[in-house]
Amino acid sequence: MEGTGKQGGDQLSIKKSEPVLIEPQTRTHSGFFFLSNLDQVITSSVQTVYLYKAKKVGGSRDTLSDIFKQSMAKILVHYYPLAGRLRLGSDGKYNVECTNEGVLFVEARANCNMDHVDVQVITDDHSETTGKLLYRSPGPENILEMPLMTAQVTRFKCGGLALGISISHCMADGISAMEFIKSWAETARGMPLTTKPVLDRSILRSRQPPKIDFPFGQYAPAETSNLSNISNPFQGEQILTKCFLFDSNKLAILKNMAMEDGTVKSCSNFTALTAFVWRARCKALQMNPDQTTQLLLIVDVRSKLNPPLPKGYFGNGIVISSCLGRAGELIRNQLSFAVEEVQNGIKMVNEEFARSWIDYFEVKRAKDFRLPSHFLVTSWTRLPIECADFGWGEPAQFGCANLPKDSGFFLPDGKEKKGINLILDLPVTAMSTFQELMLL
């Protein structure tokens, strides 16, 4: 298999081998594996790309490939549900049949040096680069037939490597996916697992009877009609995805802006940047002053539950908190106004919120879940990306490949993680305006 795509003015060509299935090294559990309601909400995949600089290592190309494949077979013994396949039950919920079929592995060769690829290329969906560094099924996708994980190792000239990994979101959120990759990397280096996975997801079963103490009605299809369609002014325009770097100086400026009127006494980089981007996006999309804008925050609840989810919990441990506002209020008021809205959205998430969220989906079912006109923000700035060391050192570059529509994604910048890369999608005209607003 072979593919080409434009990259930095040069033609990037990657030749892929035929995919193979990697089974667990020893026979593992059979039967059905329970997925919690938090696992049911998103059925897409977590797609990440790791780039490693050239390093002199012993062994041939086949030996390097064997390291990935053999360590994968070993780690699947611990993470055996990944080797199964999704099944849809009579109750409309997904579970996993532990079939031991395995995960899909692909080897590839690039025609250029790794230096030609960077974070901005990875996140630019028009460069088609991610389609070359990740394996994607050539035919129509049926999640009930697809492996729950795929991995592609691409070798660049001069020895650089790219690892593209796709894990079904039913199996893991970003935190759990990163924990799995860390465990795989430790196994590849011949080390014991730092943290063994906790696979029991029954600790997130819904209560009986369900008890819903929060107004989650804004997520139901019938409730979305009152939210304005923000895409109308730019109907038919091409959607661009771009990466904006906020270094430590820019983040400090934003935090000072958020606190300069004294309304907000303290704020994090996340709340300041989220509030700033929320307001700037409203301006760029030319939203009417009375137009409703909904900010959705991905919040990790692992430590908010009582007792907290155990260390190494492998599954989804996130919920979505909603902030509703009028575009005119966000734009007219100081940045502190939006910061307070973001802070309140985060504070809202506690034990009862999380349990109510789980119970809400027990009543409504995941298939009834719809996001209205919204802006979704996810942050991976605290993920231990440096732990993805398979023997070639820490990743030199890292990117998330499949960004949700109408979203903002925060990724750490640099080894010390002092800056934040904002990845955003907008219509062409709105993106031009947004870029001007980013000039702090």
Side-chain angles (χ1 to χ4, degrees), residues 33-42 46 75 78-82 93-96 167-186 192-214 216 219 266-271 274 296-323 342-363 366 376-388 410 412 417:
F33 180 77
F34 171 78
L35 297 179
S36 79
N37 286 344
L38 297 187
D39 301 317
Q40 309 281 334
V41 176
I42 304 174
V46 180
I75 198 62
H78 298 278
Y79 290 86
Y80 63 87
L82 278 175
K93 288 185 176 183
Y94 290 104
N95 52 41
V96 175
I167 299 179
S168 169
H169 218 303
C170 291
M171 297 306 299
D173 57 19
I175 297 171
S176 286
M178 193 69 242
E179 189 65 39
F180 165 78
I181 292 165
K182 182 185 79 170
S183 296
W184 182 18
E186 289 173 341
L193 299 188
T194 303
T195 306
K196 291 187 177 181
V198 176
L199 301 179
D200 180 14
R201 303 189 183 190
S202 64
I203 53 181
L204 291 181
R205 285 188 184 275
S206 62
R207 296 172 291 193
Q208 295 300 325
K211 181 184 177 185
I212 304 171
D213 292 329
F214 286 80
F216 295 126
Y219 302 115
S266 64
C267 67
S268 64
N269 288 336
F270 173 81
T271 53
T274 299
L296 301 177
L297 303 169
I298 302 292
V299 182
D300 176 22
V301 298
R302 286 168 171 77
S303 63
K304 298 179 183 293
L305 298 174
N306 186 22
L309 290 182
K311 185 177 181 181
Y313 177 79
F314 183 64
N316 281 272
I318 55 174
V319 299
I320 301 178
S321 178
S322 172
C323 305
V342 175
Q343 289 177 333
N344 290 336
I346 297 172
K347 291 176 183 176
M348 183 190 307
V349 180
N350 54 21
E351 160 85 11
E352 189 53 43
F353 183 99
R355 292 295 176 184
S356 291
W357 177 271
I358 294 170
D359 291 354
Y360 175 78
F361 287 103
E362 184 66 19
V363 174
L376 175 70
V377 173
T378 305
S379 176
W380 280 9
T381 57
R382 296 184 179 180
L383 292 189
I385 297 164
E386 65 277 3
C387 293
F410 298 170
K417 302 181 181 180

Colleague: Could you tell me whether a side-chain N or O of Ser356 sits under 3.5 Å from a main-chain N or O of Asp213, the two making a donor and an acceptor?
Modeller: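 The answer is yes, because a donor-acceptor pair under 3.5 Å joins these two groups.
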
Colleague: Output all residues satisfying side-chain contact (heavy atoms from CB on, under 4.5 Å) with Lys311, sequence neighbours left out; order by chain, then residue number.
Modeller: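 Expected list: Thr195.
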
Colleague: Please find the pair of heavy atoms, one from Pro192 and one from Glu186, that lie closest to each other, and give the distance.
Modeller: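 Nearest heavy atoms, Pro192 then Glu186: O-OE1, 3.7 Å.
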
Colleague: What residues form a salt bridge (Lys or Arg N to Asp or Glu O under 4.0 Å) with Lys304, not counting sequence neighbours?
Modeller: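 Once residues adjacent in sequence are excluded, Lys304 has no partner under the salt bridge (Lys or Arg N to Asp or Glu O under 4.0 Å) criterion.
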
Colleague: Could you check whether atom CZ of Arg207 has more than 12 heavy atoms from other residues, nucleotides or ligands sitting under 6.0 Å from it?
Modeller: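 For Arg207, atom CZ is crowded (more than 12 foreign heavy atoms under 6.0 Å).
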
Colleague: Decide yes or no for Glu351 and Pro307: does some side-chain heavy atom of the first lie under 4.5 Å from some side-chain heavy atom of the second?
Modeller: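 Side-chain contact under 4.5 Å: no.
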
Colleague: According to side-chain contact (heavy atoms from CB on, under 4.5 Å), who are the partners of Ser266, at least two apart in sequence or on a separate chain?
Modeller: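 With neighbours one apart ignored, the set is empty.
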
Colleague: Counting only N and O atoms by type, is there a donor-acceptor contact under 3.5 Å from the side chain of Asn37 to the main-chain atoms of Asp359?
Modeller: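 Looks like no, no N/O pair under 3.5 Å.
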
Colleague: Given the ring of Phe34, does Arg205 sit roughly above its face, with NZ or CZ under 6.0 Å from the centre of the six-membered ring and within 45° of the axis?
Modeller: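 Geometry flag: set, cation within 6.0 Å and 45°.
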
Colleague: Is any side-chain heavy atom of Ser36 closer than 4.5 Å to one of Asn316?
Modeller: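 Answer no - side chains too far apart.
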
Colleague: Under 4.5 Å between any side-chain heavy atoms of Leu204 and Leu305, yes or no?
Modeller: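 They are in contact (side-chain heavy atoms under 4.5 Å apart), so the answer is yes.
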
Colleague: Report the C-alpha separation of Asp300 and Arg382 in whole Å, then their side-chain angles, then the decisive distance to 0.1 Å, and conclude whether the salt bridge (charged side-chain N to carboxylate O under 4.0 Å, His left out) test is met.
Modeller: CA-CA 11 Å; Asp300 176 22; Arg382 296 184 179 180; over 6 Å; no

Colleague: At their closest point, which heavy atom of Phe353 faces which heavy atom of Ile320, and how far apart are they?
Modeller: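 Looking at all heavy atoms of both residues, the closest pair is CZ-O, 3.8 Å.
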
Colleague: On the 0 to 90° scale, with breaks at 30° and 60°, tag the Phe180-Phe314 ring pair as parallel, tilted or perpendicular.
Modeller: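 Judged by the thresholds at 30° and 60°, the geometry between Phe180 and Phe314 is tilted.
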
